[in-house]
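Here the structure comes first, spelled out in structure tokens, and everything after it is commentary.
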Number of protein chains: 2
Amino acid sequence: MNTRCENCIIRQFNSLRAMSKEELKRVSDTKTTKTIKKGEAIFAEGEKLNGVFCVRDGVSKLSKLSANGKDQIVKLASKGEVMGQRSVIAEESSNLSAIAVSDMEVCFIPKEGIVDVLHQNPNFTVEVLRHMAHDLREADDVIVNMSQKTVKQRIAEAFLYLRDNFGEDADGYLSITLSREDIANVVGTATESCIRIISEFKKKKYIKTSGKKIGVQNEKALRDLVDGF
Amino acid sequence: MNTRCENCIIRQFNSLRAMSKEELKRVSDTKTTKTIKKGEAIFAEGEKLNGVFCVRDGVSKLSKLSANGKDQIVKLASKGEVMGQRSVIAEESSNLSAIAVSDMEVCFIPKEGIVDVLHQNPNFTVEVLRHMAHDLREADDVIVNMSQKTVKQRIAEAFLYLRDNFGEDADGYLSITLSREDIANVVGTATESCIRIISEFKKKKYIKTSGKKIGVQNEKALRDLVDGF
DNA sequence: AATCAAAACTGACTAATATCATATTTTGAG
DNA sequence: CTCAAAATATGATATTAGTCAGTTTTGATT
């Protein structure tokens, strides 16, 4: 793969932009680019990661398997996001597994390339810290939503979230396509319950569907639902 | 207040231990110590924090108010923990409010004292990063528990967690005393449901109570319950 | 185009949990 | 010590969401 980090626009969206030209060149020399097919795993829960993965294209779900065999999707990572940093920084094995939700292209950066810079370039470290602080806030919000909102509210919120964070296509459908099961795993409910609520929303014209694709049709209704009427 | 950070043992438990003597002295010069009564607020959700709070004694609950008026407790901070760093680092107003669960003594450290060192001492920054990585992992675990475990399992787990993290007294009661309402807010359930399950656990001799105090009596039974029998 | 498995969907039933009402106990202020 | 308020407790009922069983649709493959 001939693309060099120095020339990669993606890094504008993540902490790598705080690296100096020199550091970036060194990272670029050790990185490798991989193509991953939809459904394939990038890494698994419990695995020791010896590097981080920078998403160049596509979307990956970061999930955790629970005792009863269900997956809980904790985060969706798309273009520009770095996966696995938490584990590399904490020097622990991964608490999440990453599976491609669409065909992907990711760069693997060996951890030495990251850790060395962390200890030498405070700007970079602070930038990583900021990102993690942001992730932590989001996680707090998810906790509150999980415990205080109904499944219906969480599904409504998920659609708004997906639209705001991944965009929609020309016809008004969400750019990201998830199976009903994945949606259920994002909001933490049974697949059947999720499908039932999607049907209800469709009947009420809150959303429209076309195959697996889903589009927000009545933003206000969804928002009112989330906020408790 | 005459206690100096350099001599404070508490800091061994948090990221401040990665500061140099010099840095610590400077921090110490700007810090103030406050006494907070049980039930009083240290800071509120939405408030701009111009510093962080280091817990010297007592316990604080970090919670988030939801639309329906219920509090979700996201974390319990005790001796050695630093509160408010996330907000200071992300330069956002606080996403959580902090209320004392017992009488407390906390040190307030103005943010300049922290931010300056963050940009100058990579060891300190990495240490803070490690802590935040740990908090993030815990948050992920909480998300999964919330969505995949029953209220009964979450309550059982909460008691084990409280014992492991805050210890128990000579008579085998948890060192930390929370109201039933607070326990309900930790596990994300209605107070009545929480009380009912506590009664059930007591009847089954999984726990013992004495006033508000709760003690683990049958660890194995609780653990089995958490793990799904 | 026919086939087949996976995904999406629907209905009936059950289990878990919230809500509302009310009783009882504990606690802290004066 | 007394009393009111707050916390704890319990019962009845309603609501939400999960489970199981089955049907239909979709899409990939030959």
Side-chain angles (χ1 to χ4, degrees), chain A residues 37-39 61 66-72 99 101-103 145-158 173 177-204 207-214 225-226 228-229, chain B residues 37-40 61 66-72 99 101-103 145-158 177-204 207-214 225-226 228-229:
Chain A
K37 286 247 160 54
K38 176 178 172 174
K61 58 178 173 182
S66 72
N68 59 34
K70 274 190 186 162
D71 251 2
Q72 172 66 37
I99 295 174
V101 160
S102 62
D103 289 347
N145 281 343
M146 284 291 178
S147 79
Q148 310 277 11
K149 295 201 169 137
T150 65
V151 171
K152 205 176 284 188
Q153 290 177 307
R154 268 142 52 200
I155 291 180
E157 191 163 32
Y173 290 101
T177 305
L178 297 173
S179 70
R180 305 295 146 108
E181 192 181 0
D182 279 342
I183 298 173
N185 290 344
V186 166
V187 302
T189 188
T191 308
E192 296 95 321
S193 301
C194 180
I195 288 171
R196 243 182 275 275
I197 290 169
I198 288 175
S199 300
E200 187 194 326
F201 284 177
K202 198 161 67 175
K203 214 168 285 168
K204 290 181 175 165
I207 61 172
K208 58 184 176 181
T209 68
S210 165
K212 279 195 211 312
K213 290 210 149 292
I214 288 176
L225 214 171
V226 172
F229 319 118
Chain B
K37 287 247 162 54
K38 175 178 172 174
E40 283 179 4
K61 58 178 174 183
S66 72
N68 59 32
K70 275 190 189 163
D71 251 1
Q72 173 65 38
I99 295 174
V101 160
S102 62
D103 289 348
N145 280 343
M146 283 294 177
S147 81
Q148 310 277 10
K149 293 202 170 135
T150 64
V151 171
K152 206 175 284 190
Q153 289 177 307
R154 267 140 54 201
I155 292 180
E157 190 161 33
T177 305
L178 296 173
S179 70
R180 305 296 145 107
E181 192 181 0
D182 279 341
I183 297 173
N185 290 344
V186 166
V187 303
T189 187
T191 307
E192 297 95 320
S193 300
C194 179
I195 289 172
R196 244 181 274 276
I197 290 169
I198 288 175
S199 299
E200 187 193 326
F201 284 178
K202 199 161 67 173
K203 217 169 283 169
K204 290 182 176 167
I207 60 173
K208 58 184 175 180
T209 67
S210 164
K212 279 195 210 312
K213 289 210 149 293
I214 288 176
L225 214 171
V226 172
F229 320 118

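Predicted, not measured: the structure shown is a model, and the values here were computed from it.
The 5' end of DNA chain C is approached more closely, in terms of each residue's nearest nucleotide, by C194(B) than by the other of C194(B) and K38(B). Each of K212(A) and G188(A) was assigned the nucleotide of DNA chain D with the nearest heavy atom; the assignment lying further toward the 5' end belongs to G188(A). Of the two residues near DNA chain D, K70(A) and G211(A), the one whose nearest nucleotide lies more 5' is K70(A).
Separating the CD atom of Q153(A) from the P atom of dT16(D) is a distance of 10 Å, rounded to the nearest angstrom. Taking atom CD of residue Q148(A) and atom P of nucleotide dT16(D), one finds them 16 Å apart after rounding to whole Å. Atom CZ in R154(B) sits about 13 Å away from atom C1' in dA18(C), given to the nearest Å. For the pair K203(B) NZ and dT10(D) P, the interatomic distance rounds to 6 Å; values are reported in whole Å. To the nearest angstrom, P of dT25(D) lies 12 Å from NZ of K202(A). Spacing between atom CD1 of I214(B) and atom P of dT8(D) amounts to 9 Å, rounded to whole angstrom units. Atom pair I183(B):CD1 and dA7(D):C1' shows a separation of 12 Å (rounding to whole Å applied). When the C1' atom of dT15(D) is taken as reference, atom CD1 of I197(A) falls 13 Å away, rounded to whole Å.
Here the nucleotide nearest the side chain of S193(A), chosen from dT10(C), dA9(D), dA17(D), is dA17(D). Listed candidates were dA17(D), dT8(D), dG18(D). Nearest to the side chain of I195(B) is dT8(D). Distance from the side chain of A190(A) is smallest to dG18(D) among dA9(D), dG18(D), dT10(C). Across dC9(C), dT19(D), dT8(D), the shortest atom-to-atom separation from the side chain of R196(A) is found for dT19(D). Closest to the side chain of V151(B), out of dA7(D), dA9(D), dT17(C), is dT17(C).
Formation of a donor-acceptor pair under 3.5 Å by the Q72(A) side chain with backbone atoms of S66(A) is not found in this model. Here the side chain of E40(B) pairs a donor or acceptor atom with the backbone of K37(B) at under 3.5 angstrom.
On a pure distance criterion of 3.5 Å, a polar donor-acceptor pair joins the side chain of E192(A) and the base of dC20(D).
Of the side-chain N and O atoms in T189(A), one or more sit less than 4.0 angstrom from OP1 or OP2 of dG18(D).
As judged by a 4.0 angstrom heavy-atom cut-off over every strand, K149(A) is placed among residues making no nucleic acid contact. Contact annotation for T191(A): no contact, since no heavy-atom pair falls under 4.0 Å across all strands.
Counted by atom type alone, T177(A) and K212(A) present zero donor-acceptor pairs between their side chains at under 3.5 Å.
A salt bridge between E200(B) and K204(B) is present, with a side-chain N of the basic residue lying under 4.0 Å from a carboxylate O of the acidic one.
Across V187(A) and R154(A), no two heavy atoms sit closer than the pair O-NH2, 2.8 Å.
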